[in-house]
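What follows is a single structure, written as structure tokens, with notes after it.
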Number of protein chains: 2
Amino acid sequence: MPLTDSPAKPHDHSLCIEDALGQARLICEQRNVRLTAIREQVLGLIWQSHKPIGAYDLLEQLAKTHHAAKPPTIYRALEFLQDNGLIHKIESQNAFLGCAHVGGHHHGQFLICTICGTAQEIDEKIVSSALENASQAHGFRIQSFVIEIKGLCATCQDL
Amino acid sequence: MPLTDSPAKPHDHSLCIEDALGQARLICEQRNVRLTAIREQVLGLIWQSHKPIGAYDLLEQLAKTHHAAKPPTIYRALEFLQDNGLIHKIESQNAFLGCAHVGGHHHGQFLICTICGTAQEIDEKIVSSALENASQAHGFRIQSFVIEIKGLCATCQDL
DNA sequence: GGCGGCAATGATATGATATAACAATATCAA
DNA sequence: TTGATATTGTTATATCATATCATTGCCGCC
């Protein structure tokens, strides 16, 4: 069962990527949307790292094989991937990350290490229900949320 | 007791502003840092709205009375105000908001209305302890966090 | 008071992130 | 095949943010 839940643990990351791409193809087929070559390539580039990656860094990578790539090329692919729940944007870094829980509801919770830069996506019921309770207490109805927790991952604490 | 906890409730907002500026002067005196004219003016401009405001919108306002104002002018003031816990940045909007709980620890929790744009700062123990629990479960040590909840405020739900 | 050091601001330039608008091409169903 | 729609190409520009160095202001110290 690849798509390891922890970027901190060592693992064969090429399996993560293949798995993510495989899931993406399935999802897109189910949703009847087109995972075109550009979109798939961008998703692959995003999955090559457990760190969020910026749009212009992606562009630089993409441009190596796709000479015509320009900012809109990347941003369109990113928009598509977000709309279909395949990636998340880390708002506090203007950077993008593969979604570790495709298919589910789509607001992530992220643990972002301030040393190594990895971002681990979690999906903790205790967090979402706390948000729900707190919001209700203020008469507020949730549509979505941004949860970005900064600190030290297990590995970097031991350095 | 001004500095109302809910921008949704009607209130005399000029009191909010005066109160915020008064608190800011106190804090800066205590911390032995200078709340200069520019910094105070920027803080006042930020407090004129319960909506997060962008740096260039602030610049436009500031420039009306301060002809020399340029982007660095604003960003320096914003940095100072953030460093001293007087404002927050809303990461998902690249915009700034007065801090409703000056003096305390400094990561906010925000309820942001997708209709009217107001952002209410809350400080719910249930949320912070849920984040703490969830992080610990993953061996992660929290340094700070970004919590931005989007949805409908009480007022806009009734429209 | 004047002088030296540091904090704050001025000024210019540029970097980094993101989108608008329209043209050209590809895909696919009828 | 053709027409409708989605995708990509292309150019330009909007928006957000910082680097750098010069100048000014503040304040303690002699």
Side-chain angles (χ1 to χ4, degrees), chain A residues 24-25 27-29 31-46 51-84 86-97 117 146 148, chain B residues 24-25 27-29 31-46 51-84 86-97 117 146 148:
Chain A
R25 287 183 204 106
I27 295 275
C28 289
E29 197 166 348
R31 302 183 61 148
N32 220 10
V33 294
R34 287 191 262 169
L35 188 63
T36 61
I38 289 178
R39 292 165 177 174
E40 184 169 332
Q41 201 179 342
V42 170
L43 183 59
L45 290 170
I46 290 174
K51 300 180 195 180
I53 181 172
Y56 281 74
D57 288 341
L58 281 170
L59 178 55
E60 195 178 319
Q61 294 302 114
L62 182 63
K64 287 178 182 172
T65 60
H66 191 89
H67 186 66
K70 298 274 181 305
T73 317
I74 283 289
Y75 281 101
R76 284 165 181 159
L78 291 172
E79 184 183 16
F80 172 89
L81 295 169
Q82 284 185 273
D83 287 349
N84 289 286
L86 299 170
I87 63 171
H88 291 282
K89 181 175 186 183
I90 303 297
E91 296 289 351
S92 60
Q93 302 185 343
N94 296 320
F96 301 84
L97 186 69
V146 172
E148 297 172 10
Chain B
R25 287 183 203 105
I27 295 274
C28 289
E29 198 166 345
R31 301 183 63 146
N32 219 10
V33 295
R34 287 191 261 169
L35 189 62
T36 62
I38 289 178
R39 291 165 176 173
E40 185 168 331
Q41 201 179 343
V42 170
L43 184 58
L45 289 170
I46 290 173
K51 300 181 195 180
I53 181 171
Y56 280 74
D57 288 340
L58 283 170
L59 178 55
E60 196 179 317
Q61 294 302 114
L62 182 64
K64 288 179 183 171
T65 60
H66 190 88
H67 186 67
K70 296 275 180 306
T73 316
I74 283 289
Y75 281 102
R76 284 165 181 158
L78 292 171
E79 184 182 16
F80 173 88
L81 295 169
Q82 284 185 272
D83 287 349
N84 289 285
L86 299 170
I87 63 171
H88 292 282
K89 180 174 186 183
I90 303 297
E91 297 289 350
S92 60
Q93 301 185 344
N94 296 321
F96 301 84
L97 186 68
V146 172
E148 297 173 8

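Values below: every heavy atom of this structure, side chains too, minus hydrogens, waters and symmetry copies. To find a chain, count down the sequence lines: A is the first, B the second, and so on, and within it residues start at 1. Quick caveat: nothing in here was measured; it's all calculated off a predicted structure.
Judged by closest nucleotide on DNA chain D, B/Asn94 is the one of B/Asn94 and B/Arg34 placed further toward the 5' end. Nearer to the 5' terminus of DNA chain C, by closest-nucleotide assignment, is the contact made by B/Ile38 (compared with the other of A/Lys89 and B/Ile38). If you find the closest nucleotide of DNA chain C to B/Thr36 and to A/Phe96, the one lying nearer the 5' end belongs to B/Thr36.
To the nearest 0.5 angstrom, A/Leu35 atom CG is 7.5 Å from A/Leu86 atom CG. In this structure, CG on A/Asp57 lies 11.5 Å from CD1 on A/Ile46, to the nearest 0.5 angstrom. The structure places CD of A/Glu29 at 11.0 Å from CD1 of A/Ile27, a figure rounded to the nearest 0.5 Å. Expressed to the nearest 0.5 Å, how far CD of B/Gln93 lies from NZ of B/Lys89 amounts to 11.5 Å.
Within the nucleic acid shown, A/His67 has no heavy atom closer than 4.0 Å to any nucleic acid atom. Residue-level contact check: B/Arg39 touches the backbone only, with heavy atoms under 4.0 Å from sugar-phosphate atoms and none from bases.
The stretch residues 68-75 of chain B touches DNA chain D through B/Pro71, B/Pro72, B/Tyr75, each having a heavy atom within less than 4.0 Å of the strand.
Sorted by first and then second residue, the pairs that involve residues 35-44 of chain B and meet side chain to side chain donor-acceptor pair (under 3.5 Å), not counting sequence neighbours, are B/Arg25-B/Glu40, B/Gln41-B/Thr65.
When the side-chain hydrogen bond (donor to acceptor under 3.5 Å, both in side chains) test is applied to B/Asn94, no partner is found at least two apart in sequence or on another chain.
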Please determine whether side chain to side chain contact (heavy atoms under 4.5 Å, CB included) holds for the pair B/Val146 and B/Ser92, giving the CA-CA distance in whole Å, both sets of side-chain angles, and the decisive distance to 0.1 Å.
CA-CA 10 Å; B/Val146 172; B/Ser92 60; over 6 Å; no

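Interface limits on DNA chain D: the 5'-most and 3'-most nucleotides within less than 4.0 Å of chain A heavy atoms are D/dA6 to D/dT11. Protein chain B contacts DNA chain C over a range whose 5' and 3' limits, counting nucleotides with an atom under 4.0 angstrom from a non-hydrogen atom, are C/dA7 to C/dT12.
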Check residues 66-82 of chain A and write down every donor-acceptor pair under 3.5 Å in which the side-chain atom is one partner and the other belongs to a residue at least two apart or another chain.
| unit_1 | atom_1 | unit_2 | atom_2 | d |
| --- | --- | --- | --- | --- |
| A/Thr73 | OG1 | A/Lys70 | N | 2.9 |
| A/Thr73 | OG1 | A/Lys70 | O | 3.0 |

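The side-chain contact (heavy atoms from CB on, under 4.5 Å) test with B/Phe96 is passed by exactly one of B/Val42, B/Ile87, B/Ile90, B/Leu45: B/Ile87.
Of all non-hydrogen atoms in B/Ala24 and B/Leu43, the two that sit nearest each other are CB-CD2, 3.4 Å. Between A/Pro52 and A/Gly117 the shortest heavy-atom distance is CD-O, 3.5 Å.
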